[in-house]
There are 2 protein chains.
Amino acid sequence: MTEIELTDVSAACATSLVGEPLTEEAAAELAHTMKALADPARLRLLSIVAASAGGEACVCDLTEPVGLSQPTVSHHLKVLTDAGFLSRAKRGTLAYYALVPGALDRVSRALGTA
Amino acid sequence: MTEIELTDVSAACATSLVGEPLTEEAAAELAHTMKALADPARLRLLSIVAASAGGEACVCDLTEPVGLSQPTVSHHLKVLTDAGFLSRAKRGTLAYYALVPGALDRVSRALGTA
DNA sequence: TCATGACATCGACAGTAGTCGATATTGACA
DNA sequence: TGTCAATATCGACTACTGTCGATGTCATGA
């Protein structure tokens, strides 16, 4: 595995897809970022977090809606956090996840021509 | 695998990610669409096609730039075509691929809040 | 009609990713 | 300190995916 450790959203979306041919590196970074979004469970987690009161939710709030085990939900949240889409705030024994403002918009702009 | 045969862009991007929680079906469709984009070779193919003269390119033009075998390139082009991002026009013995107008924009809008 | 060139499909293989149960970790609290 | 509850990590398994070489298909042109 060729580790791309800190591939987060801001790094991956510097250039636009349709402007000029992507370099190999730019394509790898953007693909890595999009892979984080290319999973139904993670998309649902993002949308549930976004729709939660206060814009944040803890793992225990998310397990039941998506119908997956707690380790699996934790795994998906880690993927989204590493990709820069979610932030994690631990308060007491609970871990609250929230959307990182602008992260989705950056990916959006990397794709769209408009 | 629960086949989603005709998952193309237009079906997958009806709702926005951050508006309200995605249904299981909407999440599956959008994830399927995004999976088509979540690969460095396919992103490069898209960008090369977009930047080609006349907005289209044949397989023989694409094999060398991405450094992959002809069958592999053909496979990626099929994935992108099935997902609704590329159109295929066969003229003589050559197959010309072109961006489907608005396809990327639809995904872009499904992600962004703006 | 036959050979050739462009592309698609097939079959196989290796690497990757989603999932879970079991377990470790961490903080709260009695 | 010991217990409990919430999360994270680990190990394993299965399924999927990217890749290739071999082969099939089809249109062109001699």
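Numbers restart at 1 for each chain; the letters A, B, ... are given by sequence-line order, proteins then strands. Note that this is a predicted model, so its numbers are computed, not measured.
- The side chain to side chain contact (heavy atoms under 4.5 Å, CB included) check on A:P40 picks up B:A27, B:A31, with sequence neighbours excluded.
- Atom CE of B:M34 is separated from atom C1' of D:dC16 by 18 Å (rounded to the nearest Å).
- Here B:V100 sits alone; no ILVMFWY side chain lies under 4.5 Å from its own, so it joins no hydrophobic cluster.
- Atom pair A:L62:CG and D:dA8:P shows a separation of 11 Å (rounding to whole Å applied).
- Between A:L104 atom CG and A:L37 atom CG the span is 6.5 Å, to the nearest 0.5 Å.
- Think of A:Y96 as one node in a network of Ile, Leu, Val, Met, Phe, Trp and Tyr side chains linked at under 4.5 Å; its network also takes in A:L94.
- Applying the salt bridge (charged side-chain N to carboxylate O under 4.0 Å, His left out) definition to pairs two or more places apart or across chains, those involving residues 62-81 of chain B are B:K78-B:D82.
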Reading 5' to 3' through nucleotides 3-8 of chain C, protein heavy-atom contacts under 4.0 Å coded B for base, S for sugar-phosphate only, - for none: ---SBB
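- For B:Q70, the side chain to side chain contact (heavy atoms under 4.5 Å, CB included) partners at least two apart in sequence or on another chain are B:V59, B:T63, B:S74.
- When rounded to the nearest whole Å, the span between CZ of B:R44 and C1' of D:dT19 equals 16 Å.
- Axis angle, first five pairs versus last five pairs of the helix from C:dT1-D:dA30 to C:dA30-D:dT1: 10°, rounded to 10°.
- An OP1 or OP2 oxygen of C:dT19 is reached within less than 4.0 angstrom by no side-chain nitrogen or oxygen of A:S69.
- Note: CG (A:D82) to C1' (D:dT9) measures 13 Å, nearest angstrom.
- If you measure from atom CG of B:D39 to atom P of D:dC16, you get 18 Å, rounded to the nearest angstrom.
- Between the C1' atom of D:dC20 and the NZ atom of B:K78 lies a distance of 18 Å, rounded to the nearest Å.
- With contacts defined as side-chain heavy-atom distances shorter than 4.5 Å, the pair B:V18/B:L111 does not qualify.
- Pairs passing the side chain to side chain donor-acceptor pair (under 3.5 Å) check and including a residue from residues 85-95 of chain B, sequence neighbours excluded, read B:E56-B:R91.
- If you measure from atom NE2 of B:H76 to atom P of C:dT9, you get 15 Å, rounded to the nearest angstrom.
- Atom NZ of A:K35 and atom P of C:dT16 are 10 Å apart (whole Å).
- Annotation: of the two residues near DNA chain C, A:R91 and A:L68, the 5′-most nearest-nucleotide partner is A:L68.
- Applying the side-chain hydrogen bond (donor to acceptor under 3.5 Å, both in side chains) criterion to B:T81, with sequence neighbours excluded, gives no partner residue.
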N/O contacts under 3.5 Å, protein versus nucleotides 1-3 of chain D?
none

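- Distance check: B:F85 CZ to B:T33 OG1 gives 6.0 Å after rounding to the nearest 0.5 Å.
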Enumerate donor-acceptor pairs with a distance under 3.5 Å from any side-chain N or O in residues 41-48 of chain B to protein atoms, sequence neighbours excluded.
from  : atom 1 : to    : atom 2 : distance (Å)
B:R42 : NE     : B:A36 : O      : 2.7
B:R42 : NH1    : B:H76 : ND1    : 3.1
B:R42 : NH2    : B:K35 : O      : 3.1
B:R44 : NE     : A:L22 : O      : 3.4
B:S47 : OG     : A:L22 : N      : 3.0
B:S47 : OG     : B:R44 : O      : 3.0

